[in-house]
Protein chains: 4
Amino acid sequence: MEPIRKDALVKATITEIGRVGSLDVTVSQIARRAGMSPALAHHYFGSKEDMFLAAMRHILTLYGAEVRGALAAAEGPDARLRAILRASFSPGNFRREAVSAWLNFWVLAQTVPEARRLLAVYQRRLRSNLMSCLRPLAGARAGALADGLGALIDGLYLREVLKSGPPDGVAAVHTALNYLNAQLPGNAA
Amino acid sequence: MEPIRKDALVKATITEIGRVGSLDVTVSQIARRAGMSPALAHHYFGSKEDMFLAAMRHILTLYGAEVRGALAAAEGPDARLRAILRASFSPGNFRREAVSAWLNFWVLAQTVPEARRLLAVYQRRLRSNLMSCLRPLAGARAGALADGLGALIDGLYLREVLKSGPPDGVAAVHTALNYLNAQLPGNAA
Amino acid sequence: MEPIRKDALVKATITEIGRVGSLDVTVSQIARRAGMSPALAHHYFGSKEDMFLAAMRHILTLYGAEVRGALAAAEGPDARLRAILRASFSPGNFRREAVSAWLNFWVLAQTVPEARRLLAVYQRRLRSNLMSCLRPLAGARAGALADGLGALIDGLYLREVLKSGPPDGVAAVHTALNYLNAQLPGNAA
Amino acid sequence: MEPIRKDALVKATITEIGRVGSLDVTVSQIARRAGMSPALAHHYFGSKEDMFLAAMRHILTLYGAEVRGALAAAEGPDARLRAILRASFSPGNFRREAVSAWLNFWVLAQTVPEARRLLAVYQRRLRSNLMSCLRPLAGARAGALADGLGALIDGLYLREVLKSGPPDGVAAVHTALNYLNAQLPGNAA
DNA sequence: AATGAATGAGGATTCATTCAT
DNA sequence: GATGAATGAATCCTCATTCAT
């Protein structure tokens with residue numbers, strides 16, 4: 001029972017944060033959407049903050065899994081780079097509510113150490129993934145490139161929150177690839 | 001008296017948002033920091049939301065002024081581009097509390113139309129500034145470049161909130177210039 | 001539990017309005033008298049206004065029930081008229097706190113549509129009860145008589161608020177009967 | 001200056017009470033309508049309650065003056081009775097805002113001794129006026145008649161607050177005269 | 001496992017009133 | 001005489017959290 005309930009709550013948390021657009025969601029809202037009482041939500045997660053953190057972990061795990069899956073199917077640094085980008089802006093990750101939750105987690109990370117840690121892990125993992133592709137292609141410039149690309153990806157997420165209409169992952173990938181193409185002339189197609 | 005009080009409140013709002021790291025600041029906190037009673041704060045601004053919006057306007061105005069000033073002193077598209085970037089990451093704008101406030105305003109923009117509008121104005125202005133520099137340098141690619149550069153700037157702001165220690169504007173400018181150098185070979189030094 | 005709590009709150013509302021003499025009672029006062037926290041009061045009634053309306057309904061329901069009961073035991077239009085009057089000024093309705101609440105509900109009815117509606121229902125019901133007795137006794141004059149009698153009853157309630165000492169329902173009934181006796185010579189005893 | 005200001009405030013008080021429908025008017029509202037600052041209102045009247053009392057006195061004085069004027073022009077108990085009624089429901093007294101204020105003053109009288117005293121004076125004066133007319137016409141029944149008529153008048157005022165549209169003084173006078181006609185067969189026309 | 005019941009703590013907002021000018 | 005400036009006190013309402021069942 002427990003994993004089912006927790007999972008429902010995590011998803012409800014993300015949904016509600018996405019719906020409200022901020023962390024000002026009540027435990028009642030979340031619990032109601034997850035089909036249970038607020039008391040039960042507290043039973044499974046000790047506090048609202050724990051729910052937020054679990055939701056964060058969920059989002060970052062999904063993202064990580066998607067990247068890993070995409071990498072497994074890609075051959076060569078060039079293809080692997082594109083795989084990372086496509087995974088980053090795949091419909092599963094780059095959807096309105098997830099983007100909104102993600103933005104709010106950034107806010108959370110300013111105050112809650114565990115949230116900060118989670119986001120740091122994500123950044124490190126992304127950077128390491130990028131680096132392993134970029135090193136063979138850009139050599140000493142790989143570090144700077146990875147930093148720029150990481151920031152660009154986050155910026156593209158950020159800018160999505162202002163847009164209306166459904167997220168356009170393809171355009172985002174395009175912008176990121178454009179960056180790469182310029183930096184790695186002759187490589188990334 | 002009114003402009004003095006309002007100004008103090010606006011600054012206190014930014015400071016408090018930066019200190020707390022979220023919009024969950026109480027009017028009392030803001031008012032106390034501004035050296036007045038919460039009642040007076042409500043007297044000058046109708047509501048907490050109005051204070052937030054005024055603070056947003058303040059930050060965006062400062063930014064706009066700094067960019068305008070930097071542009072005025074720059075000759076040629078290349079120098080103007082660098083001026084925009086330097087202004088964007090100048091110590092006045094790229095300071096912890098302002099970055100934190102700015103992030104939270106992004107959250108606000110999801111729900112509050114006026115906040116959304118303000119952020120949209122900022123984006124449009126930035127894009128138009130970038131375009132006027134990029135067109136002579138990149139021709140048809142200017143639009144794509146401006147979008148990428150805009151997202152990159154926002155991403156660099158975003159990533160600043162996770163860093164510890166004082167913001168490093170120079171490094172940020174460097175990363176952005178790196179992007180430009182690759183895209184405009186032979187121009188931006 | 002809910003009906004018990006709500007009932008306690010409704011009674012406490014009436015008591016407090018009677019005690020304070022106006023609608024300027026705080027939810028805390030009401031809740032305390034009802035033996036619970038203000039938060040719980042808000043839980044059961046969405047707002048203070050809802051509490052007021054429930055209290056109004058309660059008073060008018062009590063009144064209606066008492067009239068109905070009295071009518072059931074009365075035979076003939078003449079006896080029924082006296083039954084209505086006796087019920088109107090019975091100790092249950094014509095008690096200080098209820099009269100005070102009733103006066104304040106009249107104030108409320110000026111602004112709150114639902115309160116206005118409730119009072120209108122009461123007036124209509126009273127008039128219809130009076131009419132069914134008066135028609136056989138006064139024929140075409142029944143309407144005018146019912147209007148006068150209704151206003152007289154309300155006026156007697158109103159004047160009660162200024163009096164000191166316990167309400168004198170008997171005297172009120174007497175005054176009303178006096179009115180009737182004059183209008184219906186040879187009927188009402 | 002003082003009498004002018006005070007007069008303006010008194011009138012503004014009545015207007016605002018009529019507009020809002022309750023005593024929950026702010027001193028600011030009253031002062032603004034009277035064309036001055038809230039501080040000045042406090043300068044002339046020590047407190048909000050004093051303003052209310054002055055407004056009450058104003059309304060009761062107007063009423064008293066109108067009755068006195070009408071009585072001066074009437075000959076004989078019968079005509080004097082009709083004069084009192086006509087004055088009671090004259091357009092000057094029986095207007096929406098005055099009726100609303102009057103109802104609220106009744107509420108005030110429950111708590112504020114001076115308000116209670118003012119209303120008692122009004123009742124005594126009305127009763128004495130009625131008595132001097134009724135004694136020659138009804139002898140020993142005069143007291144009961146005066147009480148009934150007084151309550152009826154107040155009840156007609158009360159019922160006016162629920163009505164929509166402009167007050168109908170003529171109908172009210174009619175209802176009261178109807179009462180008298182029945183009680184004094186052969187006298188009041 | 002599940003929840004209804006309950007509350008303490010807190011926060012935005014309002015307003016009568018004061019006072020220096 | 002007149003007011004802008006200022007605030008303490010109050011009030012409604014919300015919500016995370018607890019607990020008995």
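So you know, we letter chains A, B, ... as the sequences are listed, proteins then strands, and number each from 1. Values reported hereafter were calculated over all heavy atoms of this structure, with side chains retained and with hydrogens, waters and symmetry mates removed.
Computed from coordinates, the C:L40 CG to F:dT14 P distance equals 14 Å when rounded to whole Å. Going from atom CD of A:E49 over to atom P of F:dA16 covers 13 Å, rounded to whole Å. Counting to the nearest Å, the P atom of F:dA16 and the CZ atom of A:F45 are 15 Å from each other. In this structure, C:D24 atom CG and E:dT14 atom P are separated by 17 Å, rounded to whole Å. To the nearest angstrom, C1' of E:dT17 lies 13 Å from CG of D:D50. For the pair B:R32 CZ and F:dA6 C1', the interatomic distance rounds to 17 Å; values are reported in whole Å. In this structure, NZ of A:K6 is placed 16 Å from C1' of E:dA2, rounded to the nearest angstrom. Taking atom CD1 of residue C:I4 and atom C1' of nucleotide E:dG4, one finds them 13 Å apart after rounding to whole Å.
In this structure, the side chains of D:L60 and D:V121 stay at 4.5 Å or more apart for every pair of heavy atoms. Residues D:S22 and D:N104 form a side-chain contact, since some pair of their non-hydrogen atoms from C-beta on lies under 4.5 Å apart. Counting heavy atoms from C-beta outward, D:Y157 and D:N93 have side chains that approach closer than 4.5 Å. Inter-residue side-chain proximity for A:E114 and A:R116 is flagged as unmet; no heavy-atom pair is nearer than 4.5 Å. With contacts defined as side-chain heavy-atom distances shorter than 4.5 Å, the pair A:Q29/A:R33 does not qualify.
Along DNA chain E, the nucleotide closest to B:P38 and the one closest to C:M36 are compared, and the more 5′ of them pairs with C:M36. Place D:M1 and A:G46 on DNA chain F by their nearest nucleotides, and D:M1 ends up nearer the 5' end.
Looking only at atom types and distance, the side chain of A:S100 has a donor-acceptor partner in the side chain of B:Q110 under 3.5 Å away.
Among the protein residues, B:Y44 comes within range of the sugar-phosphate backbone only, with heavy atoms under 4.0 Å from sugar or phosphate atoms but none that close to a base. If you check every strand for non-hydrogen atoms under 4.0 Å, B:H43 touches nothing.
Base pairing of E:dG11 is made with F:dC12, judged by Watson-Crick or G-U wobble geometry with both donor-acceptor distances under 3.5 Å. Within the shown strands, E:dA2 is the pairing partner of F:dT21 under the Watson-Crick or G-U definition, both distances less than 3.5 Å.
Applying the ring-ring contact (aromatic ring centres under 6.0 Å, His included) definition to pairs two or more places apart or across chains, those involving residues 35-63 of chain B are B:Y63-B:Y122.
Between F:dA6 and B:R5, a contact under 4.0 Å exists linking OP1 or OP2 to a side-chain N or O.
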Can you check nucleotides 9-12 of chain E for protein contacts, nitrogen or oxygen pairs under 3.5 Å, and list what you find?
from: E:dA12; atom 1: OP1; to: B:V25; atom 2: O; distance (Å): 3.4
from: E:dA12; atom 1: OP1; to: B:V27; atom 2: N; distance (Å): 3.4
from: E:dA12; atom 1: OP1; to: B:K48; atom 2: NZ; distance (Å): 2.8
from: E:dA12; atom 1: OP2; to: B:V27; atom 2: N; distance (Å): 3.1

